[in-house]
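Just so we're clear, the structure is a prediction, and the values are computed from it rather than from any experiment. We name chains A, B, ... by the order of the sequence lines, and we start the count at 1 in each one.
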Amino acid sequence: MKINVMTKVLDANDAWAAENRSFLQLRKMDMVNIIASPGAGKTTFLERTIDLLKDTVRIGVIEGDIATARDAMRIQKKGVPAYQINTGTACHLEANLLNTALKGICAENELDLIFVENIGNLVCPAEFDIGESAKIALLSVTEGDDKVEKYPLLFSEASVLVISKMGLLKHTNFDIDAATAAFRKLNKKAMVFKVDSLEGTGFEPWIEFIRSRIAKQPVSA
Amino acid sequence: MHELSIVNGIISHIERQKTEHNFDKVLSVELSCGPYNCISDDNIQFCFNAIAGSSWISGAKVAIKRRPLSGEDCHDNAIYITKLEVLNEDKCDDKSP
């Protein structure tokens, strides 16, 4: 007997993602999901972003790692609340974990914007909707310009591509034009920003992008 | 690693269908995914076999069909269960040994 099903395999996760969106919408909050390889510079990027935004935007950060609270502790030193999720083994965050984290971080904090720093991985986090309004793909120049083609799911789904560690560009053979062209083949609409988090360069358009989101308070997939 | 979550989702759906259609065995599961999804037949089958163990769903073959990219901005990379081939042993419609 053949049964036609036509149901999303991850519908349980999607239901949690929808609940997260409702939670955020009720509180007029936005949430973005930063996805990148381990060592691409996600936490340093967040630290610089926080420095530039925290005086005018109430920020919270949800950190995802397999182990340790190192990244949450770095964020807390910036004076913003951080909630650490340790998955133990899972290489990606799922929406049910975010639901618990959102309730935890919002229990004692009034926030405008949540940054989720997903587990360092260019593959699995892209498969899971966690209730974010935007996926932010971070790619450092030290990783190679071929990574866009090699990991198409993330780069096709991202609302923003941030090319990081621009200060090291001259020490690599990363071809910005090639990476951007490969990205455009997958993604016609996303914005591209080029930054160096340690030097603090290139952040103005990214900050403007974030501010415009706060002003609109969109919460959509 | 995310294959485990995907397979758990598949098994949940199979169990829901069993409640509705009352079958005893699953012969095959067909999935549909977008052109960029990071899943492969071998990995999904491996994880399925590992989780199914010797339970009533063991032995099912999992096949993945990839949807072609359609339209300039196709972002439907969701993974769907499209078909189940099942057996109700009471009805004896499978004559194989």
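- When all heavy atoms of B/Asn77 and A/Ser156 are compared, the closest pair comes out as ND2-OG, 3.8 Å.
- In terms of heavy-atom pairs under 4.5 Å with chain B, the best-connected choice from A/Asp14, A/Leu153, A/Asn4 is A/Leu153.
- In B/Lys83, the NZ atom is not crowded: 12 or fewer heavy atoms of neighbouring residues, nucleotides or ligands sit closer than 6.0 Å.
- Donor-acceptor pairing under 3.5 Å is lacking for the side chains of B/His2 and A/Asn121.
- Between atom CD of residue A/Glu127 and atom CD1 of residue B/Ile6 there is a gap of 5.0 Å, rounded to the nearest 0.5 Å.
- Contact of B/His21 with chain A is made through backbone and side chain together, with heavy-atom distances under 4.5 Å.
- Note that NZ of B/Lys25 is 14.0 Å distant from CE of A/Met1, once rounded to the nearest 0.5 Å.
- For B/Cys38 against A/Val123, the heavy-atom pair with the smallest separation is CB-CG1, 3.4 Å.
- Taking a 6.0 Å sphere around CZ of B/Arg16, one finds it holds more than 12 heavy atoms contributed by other residues, nucleotides or ligands.
- Closest heavy-atom contact between A/Val9 and B/Tyr80: CG2-C, 3.9 Å.
- We find the OH-CG distance between B/Tyr36 and A/Leu154 to be 12.5 Å, quoted to the nearest 0.5 Å.
- Using a 4.5 Å cut-off between heavy atoms, A/Phe128 touches chain B through its side chain atoms alone.
- Heavy atoms of B/Gln17 lying under 4.5 Å from chain A belong exclusively to its side chain.
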